[in-house]
There are 2 protein chains.
Amino acid sequence: MSQTRVEQKERTRRAILDAALTLSEDSALVALSLRQVAKQVGIVPTAFYRHFPSIEDLGLALVEESLDTLRALLRELRRAAGEDAATMIDGSVTVLVEQVRQDHAHYGFIARERFAGPAAVRDAIARGIELAERELATDLAHLPGTTAWTERDLEVLSALIVGAMVITAERLLGTSPGSPAEQRVADDARTQIRMLLVGARNWRSRTP
Amino acid sequence: MSQTRVEQKERTRRAILDAALTLSEDSALVALSLRQVAKQVGIVPTAFYRHFPSIEDLGLALVEESLDTLRALLRELRRAAGEDAATMIDGSVTVLVEQVRQDHAHYGFIARERFAGPAAVRDAIARGIELAERELATDLAHLPGTTAWTERDLEVLSALIVGAMVITAERLLGTSPGSPAEQRVADDARTQIRMLLVGARNWRSRTP
DNA sequence: CGTGACAGTGCACACATGTTCACCCACGTA
DNA sequence: TACGTGGGTGAACATGTGTGCACTGTCACG
């Protein structure tokens with residue numbers, strides 16, 4: 001039990017992160033005061049500094065955490081992927097829906113801070129999305145039927161798909177988990193991806 | 001010259017709106033203080049109340065204004081539209097780029113407040129986007145080649161296209177007007193829309 | 001057993017904020 | 001020319017904010 005001390009610190013840190021997530025649920029990070037968070041956690045304001053230098057760093061930590069979750073989602077996506085593009089991307093919608101459902105607060109936080117947050121936070125989110133696009137592009141390149149594609153066209157298609165995913169996630173955030181509305185958004189997303197795939201299959205890159 | 005009094009009031013109102021737009025450029029509306037705005041405009045804090053009941057109402061007015069601009073964009077889009085879907089949507093990307101370029105601050109504001117803003121503001125933006133989707137859907141229904149389409153599929157396609165437009169606008173906000181980056185985003189958007197159209201042309205709705 | 005590290009406390013300060021109120025004084029009207 | 005409407009003023013308030021400082025108690029290690 002020589003871990004008790006550091007365990008306790010980690011527990012408070014988690015409590016701070018969770019409190020920030022809860023409190024910023026219907027507002028923005030920038031409107032979050034250090035004192036509110038401290039009160040919610042049950043510590044005195046100054047104790048906050050034992051864990052984070054400022055609210056902005058709190059936000060950054062929160063984003064890193066969210067992006068790890070997102071990264072996990074994408075790994076899960078790739079693990080469940082087969083050779084068939086249709087079932088691969090189709091199934092990934094299911095994964096997305098599940099992830100957003102169970103980490104509602106995290107994804108809500110990302111959506112909110114994507115443009116309204118501090119510069120560091122915005123950059124971190126943008127990098128995460130770009131990374132997803134690049135990874136998808138390389139995955140698409142390995143699929144049959146894309147051999148004649150320009151590299152640029154592959155990137156553009158990836159951006160289109162990831163963009164549709166982002167918008168789907170944002171739509172999901174407006175629905176309550178398990179509701180018919182959620183189901184409808186998911187179905188629509190699947191239809192959209194299928195439309196995209198039909199377009200991709202019939203696409204011929206112009207020779208650059 | 002019997003208009004001077006009301007003219008002056010309108011001028012101050014504009015100054016307040018512009019100041020709010022400028023000040024919230026790298027932050028969020030919720031982080032905007034009435035006193036900051038007043039100082040920027042050059043009036044005393046209490047004079048603010050002569051024009052708006054609260055900062056939230058200021059934000060709402062700002063969104064209405066932005067949505068009017070957006071509405072104008074869409075009207076322009078439809079005016080320039082021919083029978084050919086390709087040139088219609090292709091050209092609309094050009095219009096979008098121009099609009100975002102010249103009203104950078106307004107669209108930045110919309111992007112920021114879309115999820116981070118007060119509930120009333122968020123709703124107003126969401127309604128604007130939904131309206132755009134519905135209008136596009138009815139326009140698409142009038143185009144040749146979509147006669148066999150389900151109404152639902154038309155809506156889903158519209159949402160996909162408008163979504164791509166939203167994401168394109170967001171990307172444009174990250175580029176400086178007239179830069180090569182802006183050009184690249186615009187080109188990519190056009191490629192994306194073309195891919196979407198290829199998909200749409202080869203799409204057959206399942207009979208419901 | 002003793003001791004140092006350190007998460008958490010309590011107080012203090014200097015500001016910034018929203019909102020109120022009574023007060024101007026210039027403009028448009030009568 | 002006289003008057004009242006109304007945009008703008010300035011002081012005042014209660015409250016909330018970030019942050020510095022000296023402190024305390026307890027856990028883990030030499």
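Protein chains get the first letters and strands the later ones, always in sequence-line order, with residue 1 at the start of each.
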Exercise. May I have the distance from Tyr49(B) (atom OH) to dG10(D) (atom P), rounded to whole angstrom?
Key: 17 Å
Quiz item: How many Å lie between CZ on Arg50(B) and P on dT19(C), as a whole number?
Solution: 15 Å
Self-check item: Gln102(A) atom CD, neighbour heavy-atom count above 12 within 6.0 Å
Solution: yes
Quiz item: Whole Å only: how far is the CD atom of Glu7(B) from the P atom of dG7(D)?
Solution: 15 Å
Quiz item: Are the charged groups of Arg14(A) and Glu65(A) less than 4.0 angstrom apart, N to O?
Solution: yes
Quiz item: Would Glu170(A) and Arg114(A) pass as an ion pair if we require N to O under 4.0 Å?
Solution: yes
Practice problem: Using whole Å, report how far CZ of Arg13(A) lies from C1' of dA7(C). | Solution: 15 Å
Quiz item: Quick one: Lys39(B) NZ to dG8(D) C1', roughly how many Å, whole number?
Solution: 18 Å
Quiz item: Any N or O donor-acceptor pair linking the side chain of Arg35(A) to the base of dG18(D) at under 3.5 Å?
Solution: yes
Exercise. Quickly, which of Thr168(A), Asp90(A), Thr94(A) forms a side chain to side chain donor-acceptor pair (under 3.5 Å) with Arg190(A)? Name it, please.
Key: Thr94(A)
Quiz item: In whole angstrom, what separates Phe48(A)'s CZ from dG16(D)'s C1'?
Solution: 17 Å
Quiz item: Between Gln8(A) (CD) and dT26(D) (C1'), how many Å, whole number?
Solution: 12 Å
Quiz item: Side-chain donor or acceptor of Thr46(A) under 3.5 Å from a matching atom on the base of dG18(D)?
Solution: no
Exercise. Using whole Å, report how far NZ of Lys9(B) lies from C1' of dT5(D).
Key: 12 Å
Self-check item: NZ/NE/NH1/NH2 to OD/OE distance under 4.0 Å, Arg122(A) and Glu113(A)
Solution: no
Quiz item: What's the spacing between Ser158(B) OG and Ile161(B) CD1 if we round to 0.5 Å?
Solution: 6.0 Å
Quiz prompt | Residues Glu7(B) and Arg13(B) bridged, charged N to O under 4.0 Å | solution = no
Exercise. List in numerical order all residues of residues 23-34 of chain B for which some heavy atom is under 4.0 Å away from an atom belonging to DNA chain C.
Key: Ser33(B), Leu34(B)
Exercise. Identify which nucleotide among dT19(D), dT9(C), dG8(D) has an atom closest to any side-chain atom of Ala47(A), counting heavy atoms from C-beta outward.
Key: dT9(C)
Exercise. Give the nucleotide from the list dG8(C), dT19(D), dG8(D) with an atom nearest to the side chain of His51(A).
Key: dG8(C)
Exercise. Using a heavy-atom cut-off of under 4.0 Å over every strand shown, decide if Glu10(A) touches base, sugar-phosphate, or nothing.
Key: nothing
Quiz item: Quick one: is dA16(C) close enough that its OP1 or OP2 comes under 4.0 Å of any side-chain N or O from Gln36(B)?
Solution: no
Quiz item: Relative to the 5' end of DNA chain D, which residue comes earlier, Val44(B) or Ile55(A), by the nucleotide with the nearest heavy atom?
Solution: Val44(B)
